[in-house]
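Let me begin by presenting the structure, written as structure tokens, before commenting on it.
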2 protein chains.
Amino acid sequence: MPAKNRRSFCPVSFALDKFGDKWSLLIIRDLMFLGKETYGEFLESSEEIATNILADRLKRLETEGILLKFRDPENGRRVIYRLTEKGLDLAPVLISMIQWSSQYDPDCGAPKQLLQRLQDDPDDFIAEIRSRES
Amino acid sequence: MPAKNRRSFCPVSFALDKFGDKWSLLIIRDLMFLGKETYGEFLESSEEIATNILADRLKRLETEGILLKFRDPENGRRVIYRLTEKGLDLAPVLISMIQWSSQYDPDCGAPKQLLQRLQDDPDDFIAEIRSRES
DNA sequence: CCGGATCCGTTTCGATACTG
DNA sequence: CAGTATCGAAACGGATCCGG
């Protein structure tokens, strides 16, 4: 049976407060699964986020400690965004969303190979995400 | 390395389109973890959703096939909402959000016992959610 | 009463144009 | 390339009303 003290159960709303809008998780997906890391690359995503919204969400996610921002040491004009540990720890959330979507829309674009791997050994996949540099 | 065909990778946005707003996942949480099943019970949640927003989200989630609505056979005036299979299959998403929140805010209200159980044997917990009647 | 629908002031979002 | 500024559109929240 469910918990009695309903008032104090708010882990879901804690998470939604951090990334529960229309765009934040898409940015995190870009970083985690599509290897993107610059403002311009996020803009290229098929969902077509507006520039002001993107800037706002990047700022908020940085404030939340989910991603961090720094200049490319090899190209001072390039700004790079990267997931922090806290952001990388969102991998299971993204993965379960991808699995659910694939179950109910097989044509949603998740590669079969990726799905198989996520099912067989998700921890291995997460480990790879973490180890990825540049 | 990330996939090349970025255009066609949209499982995350598929999911967000279904429940990626401020309220839908909170309703699903109420159904899945707090044993709520009526309009009035959803209104009592600490996030204080407005009546018009609640009605709209319930309708949308029903349209998406995530929950269904029917009259209480034992009380014709009572309307009951319940998760469908498709809705129950969102359990891993909710669970990973709860785990993430608990990791970064231990005071967010997830009972230690629940967390332990989710970590030890999540499938067992999901099975219980599924088997729950009334 | 319960489960909404309607109206309306306010906040937030987002498309576009523009800038350092 | 990486953002701001502006301004109309949409969503939200609160109050109130309505039907069974």
Side-chain angles (χ1 to χ4, degrees), chain A residues 6 10 12-13 16-31 34-64 66-83 134, chain B residues 6 10 12-13 16-31 34-64 66-83 134:
Chain A
R6 295 172 172 179
C10 57
V12 175
S13 100
L16 290 177
D17 186 55
K18 310 296 181 262
F19 55 79
D21 66 288
K22 186 178 171 183
W23 296 108
S24 296
L25 270 182
L26 292 175
I27 296 171
I28 296 169
R29 170 208 62 182
D30 283 357
L31 285 156
L34 301 179
K36 303 188 178 185
E37 52 184 16
T38 70
Y39 188 88
E41 288 171 334
F42 301 137
L43 281 182
E44 288 169 10
S45 288
S46 56
E47 290 87 2
E48 306 199 312
I49 188 171
T51 61
N52 57 341
I53 306 296
L54 175 57
D56 176 75
R57 293 309 186 276
L58 287 171
K59 204 173 295 175
R60 285 175 45 177
L61 289 171
E62 194 189 0
T63 301
E64 294 296 348
I66 288 171
L67 52 80
L68 54 84
K69 171 185 183 175
F70 58 96
R71 294 204 169 269
D72 186 344
E74 299 172 4
N75 178 354
R77 287 188 302 184
R78 222 170 98 99
V79 178
I80 293 183
Y81 294 90
R82 199 159 291 170
L83 291 167
S134 172
Chain B
R6 294 173 173 176
C10 57
V12 175
S13 100
L16 290 176
D17 185 55
K18 309 296 181 265
F19 55 80
D21 66 287
K22 186 177 171 183
W23 296 108
S24 296
L25 269 182
L26 293 175
I27 297 172
I28 296 169
R29 171 207 62 182
D30 284 356
L31 285 156
L34 302 180
K36 303 189 179 185
E37 52 183 17
T38 69
Y39 187 89
E41 287 171 336
F42 301 136
L43 282 181
E44 288 169 10
S45 287
S46 56
E47 290 86 3
E48 306 199 312
I49 188 170
T51 62
N52 55 345
I53 307 294
L54 175 57
D56 177 74
R57 293 307 187 277
L58 288 171
K59 204 173 295 175
R60 284 175 46 178
L61 290 171
E62 194 188 0
T63 301
E64 294 295 349
I66 288 172
L67 52 79
L68 53 83
K69 171 185 183 176
F70 59 94
R71 292 204 170 272
D72 186 343
E74 297 172 5
N75 178 354
R77 287 188 302 183
R78 224 169 96 98
V79 178
I80 294 182
Y81 293 90
R82 200 158 290 171
L83 290 168
S134 172

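So that the names make sense, note that chain A is the first sequence line, chain B the second, and so on, each numbered from 1.
- Phe42(B) has its CZ atom 12 Å from the C1' atom of dG3(C), to the nearest Å.
- The Arg78(A) side chain lies nearest to dA2(D) when the options are dA2(D), dG3(C), dA15(C).
- Remark: Trp23(A) is not in phosphate contact with dT12(C), judged by side-chain N or O atoms under 4.0 Å from OP1 or OP2.
- Between Ile53(A) atom CD1 and dG3(D) atom P the separation is 15 Å, expressed in whole Å.
- Of the possible donor and acceptor atoms, one in the side chain of Tyr39(B) sits under 3.5 Å from a partner among the backbone N and O of Thr51(B).
- Backbone-only contact: Arg57(B) has heavy atoms under 4.0 Å from sugar-phosphate atoms and none from a base.
- Atom CD of Glu48(B) is separated from atom P of dC12(D) by 16 Å (rounded to the nearest Å).
- Among the protein residues, Ala55(B) comes within range of the sugar-phosphate backbone only, with heavy atoms under 4.0 Å from sugar or phosphate atoms but none that close to a base.
- Comment: Lys69(B) does not engage Glu37(B) in a salt bridge, judged by the lack of any side-chain N to carboxylate O separation of less than 4.0 angstrom.
- You'll find a donor-acceptor pair under 3.5 Å spanning the side chain of Asn52(B) and the base of dG14(D), going by distance alone.
- Using a 4.0 Å heavy-atom distance criterion, Asp21(A) is classed as making no nucleic acid contact.
- Along DNA chain C, the nucleotide nearest to Leu58(B) and the one nearest to Ala50(A) differ in position, and the one closer to the 5' end is contacted by Leu58(B).
- We find that CG of Leu54(B) is positioned 17 Å from P of dA15(D), with the value rounded to whole Å.
- Distance, Leu43(B) CG to dT16(D) C1': 15 Å, rounded to whole Å.
- Glu64(A) contributes no side-chain N or O that, together with a main-chain N or O of Arg60(A), makes up a donor-acceptor pair within less than 3.5 Å.
- Comparing dG14(C), dC12(D), dA17(C) by their nearest atom to the side chain of Thr51(A) picks out dA17(C).
- The side chain of Tyr39(A) approaches dG3(D) more closely than any other nucleotide in the set dG3(D), dT16(C), dG13(D).
- At least one donor-acceptor pair under 3.5 Å links the side chain of Thr38(A) to the backbone N or O of Glu41(A).
- Ionic pairing of Asp21(A) and Arg57(A) is present here: one or more N-O contacts between side-chain nitrogen and carboxylate oxygen are shorter than 4.0 angstrom.
- Considering only side-chain atoms of Val79(A), the nucleotide from dA17(C), dA2(D), dG4(C) that sits closest is dA2(D).
- Atom CD in Glu41(A) sits roughly 10 Å away from atom P in dC1(D) (whole-Å rounding).
- For Tyr81(B) and dC2(C), the shortest distance from a side-chain N or O to OP1 or OP2 is not below 4.0 Å.
- Dashed line: the shortest gap from a side-chain N or O of Lys22(B) to OP1 or OP2 of dG13(D) is under 4.0 Å.
- The CZ-P distance, from Arg71(B) to dG4(C), rounds to 8 Å in whole Å.
- Atom CD of Glu44(A) is separated from atom P of dG3(D) by 15 Å (rounded to the nearest Å).
- Of the charged side-chain nitrogens involved, at least one lies within less than 4.0 Å of a carboxylate oxygen, so that Glu47(B) and Arg29(B) count as a salt-bridged pair.
- In terms of phosphate contacts, Lys69(B) brings no side-chain nitrogen or oxygen within less than 4.0 Å of OP1 or OP2 of dG3(C).
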